[in-house]
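Numbered from 1 within each chain, the chains take letters A, B, ... in sequence-line order.
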Protein chains: 2
Amino acid sequence: MTHRQPLPADLFDELCPSALLPFRFGDKWAALVLRCLEGGPRRFSELRVPLHRVTPKVLTQSLRGLERDGFVTRTVHAAPRPAVEYALTPLGRSMLEPLAAACAWAAEHWDELLDARERHTAP
Amino acid sequence: MTHRQPLPADLFDELCPSALLPFRFGDKWAALVLRCLEGGPRRFSELRVPLHRVTPKVLTQSLRGLERDGFVTRTVHAAPRPAVEYALTPLGRSMLEPLAAACAWAAEHWDELLDARERHTAP
DNA sequence: CAGAATCCGTTTAGATACTG
DNA sequence: CAGTATCTAAACGGATTCTG
């Protein structure tokens, strides 16, 4: 016996798109945005500080995507002064847990990955 | 007090790229490929079956990326007959756990997300 | 068998500047 | 303040064809 269990005939029927979703549930910055909202609602300009390397256009895109998928809400306050607040929905909040697990993994294995990458380019 | 804790000044220093990594650690199919290798080494043509919707080029790209980052190994066997086997490294295997958590989340909340998306396009 | 080569269309990101 | 508008560049994904 050279091989163990057979693979399913079509992984898309089995896993897709659910398996893909958490890894591509939006755009490049979605994960970071969600984490920024962990501590409570934030305004656009507040989010721009930690994400200052993301242009406003891209940040807006990201937020729109997350809003569309039900991860965050967008609330406009006219008074006392113009402001827009983004907040996590229960769905968005429920995503924080697997997200944190993935981030913890990354933090722990980041070095190994960099080593592997370096070894690959300069053997 | 309108707001809670302050956000870090630069999320990139704090989290990036580690926070981004698990969500974009390669390409679109990387997660699926890793899951295919969970049960043991597989040959290219074996992987093509469950991933038959991915063209060989893209699958190769994916595998090369995973190899570069130390998630999988690529072994060429000349005898008894030409074959190439891909297998998980310990690093790749360690990724399976957070991956499974994320997939479980997706399976559980997939409906909610679809609902949200539908409600958004057709309110 | 296990890809490589080529071409191509779409999506995504980023820079820059401007506005209700 | 909270974006929008434009433009450009790159990445990504896919179809097709070919090869050691």
Side-chain angles (χ1 to χ4, degrees), chain A residues 2-3 7 10-12 16-17 19-21 23-33 36-37 41-69 72-87 117, chain B residues 2-3 7 10-12 16-17 19-21 23-33 36-37 41-69 72-87 117:
Chain A
T2 54
H3 285 112
L7 291 169
D10 188 346
L11 254 194
F12 292 86
C16 180
L20 247 54
L21 170 72
F23 288 81
R24 302 229 141 206
F25 63 86
D27 47 89
K28 194 172 174 182
W29 309 111
L32 254 36
V33 172
C36 285
L37 295 174
R42 304 285 180 181
R43 293 185 325 192
F44 190 79
S45 51
E46 271 184 293
L47 293 173
R48 290 207 58 189
V49 176
L51 299 170
H52 61 82
R53 298 208 218 180
V54 185
T55 62
K57 189 199 91 174
V58 174
L59 182 54
T60 299
Q61 267 178 195
S62 208
L63 287 164
R64 292 283 186 275
L66 289 170
E67 193 190 356
R68 184 200 54 179
D69 288 347
V72 307
T73 57
R74 178 177 179 274
T75 317
V76 181
H77 300 285
R81 106 190 86 96
V84 177
E85 274 202 334
Y86 293 92
R117 205 175 268 210
Chain B
T2 53
H3 285 113
L7 291 169
D10 188 346
L11 253 195
F12 293 85
C16 180
L20 247 53
L21 171 71
F23 287 81
R24 303 226 139 205
F25 62 86
D27 47 87
K28 193 172 173 182
W29 309 110
L32 254 36
V33 172
C36 285
L37 295 174
R42 304 284 179 180
R43 294 187 326 193
F44 189 79
S45 48
E46 272 185 293
L47 293 174
R48 290 207 59 190
V49 177
L51 298 170
H52 61 82
R53 298 210 219 181
V54 186
T55 62
K57 188 198 95 175
V58 174
L59 182 54
T60 299
Q61 263 178 198
S62 208
L63 286 164
R64 293 282 185 275
L66 290 170
E67 192 190 356
R68 184 200 54 181
D69 288 347
V72 308
T73 56
R74 177 177 179 275
T75 317
V76 181
H77 300 285
R81 103 190 89 96
V84 178
E85 275 203 333
Y86 294 93
R117 203 175 269 208

Checklist line | Side chain of A:S45 - closest among D:dG14, C:dA13, D:dC1 | finding: D:dC1

Next item on the list: Nearest whole angstrom, please: distance from the P of C:dA2 to the CG of B:L47.
Entry: 9 Å

Check: Is a side-chain donor or acceptor of A:S62 paired with a backbone partner of A:V58 at a separation under 3.5 angstrom?
Finding: no

Checklist line | Out of C:dA2, C:dG14, D:dA2, whichever nucleotide has its closest atom nearest the side chain of B:R74 | finding: C:dA2

Next item on the list: Work out which heavy atom in A:R42 is nearest to a heavy atom in A:C36; give both atom names and the distance.
Entry: NE-O, 3.5 Å

Note to self: Whole angstroms only, please: what is the OH-C1' distance between B:Y86 and C:dA2?
What the structure shows: 7 Å

Item checked: Flag side-chain contact, heavy atom, 4.5 Å: B:R48 against B:P56 -> yes

Check: Taking atom P of C:dA4 as reference, at what distance in whole Å does atom CG of B:L63 sit?
Finding: 10 Å

Check: Atom NZ of B:K57 to atom C1' of C:dC8: distance rounded to whole Å?
Finding: 9 Å

Next item on the list: Send over the distance from A:K28 NZ to D:dA9 P, rounded to a whole Å.
Entry: 18 Å

Note to self: I want to check one thing: is the phosphate of C:dG3, taken as OP1 and OP2, less than 4.0 Å away from some side-chain N or O of B:R64?
What the structure shows: yes

Item checked: First encountered from the 5' end of DNA chain C, between B:T60 and B:P82 -> B:P82

Margin query: Of the options C:dA15, D:dG13, D:dA2, whose atoms approach the side-chain atoms of B:V58 most closely?
Written below: D:dG13

Next item on the list: Write down the distance between CD (B:E67) and P (C:dA2), rounded to a whole number of angstrom.
Entry: 15 Å

Next item on the list: Using whole Å, report how far CD of A:Q61 lies from P of C:dA13.
Entry: 6 Å

Notebook entry, point to check: Which heavy atom of B:L37 sits nearest a heavy atom of B:Y86, and at what distance?
Noted result: CD2-O, 3.4 Å

Next item on the list: Using whole Å, report how far CH2 of B:W29 lies from C1' of D:dG13.
Entry: 9 Å

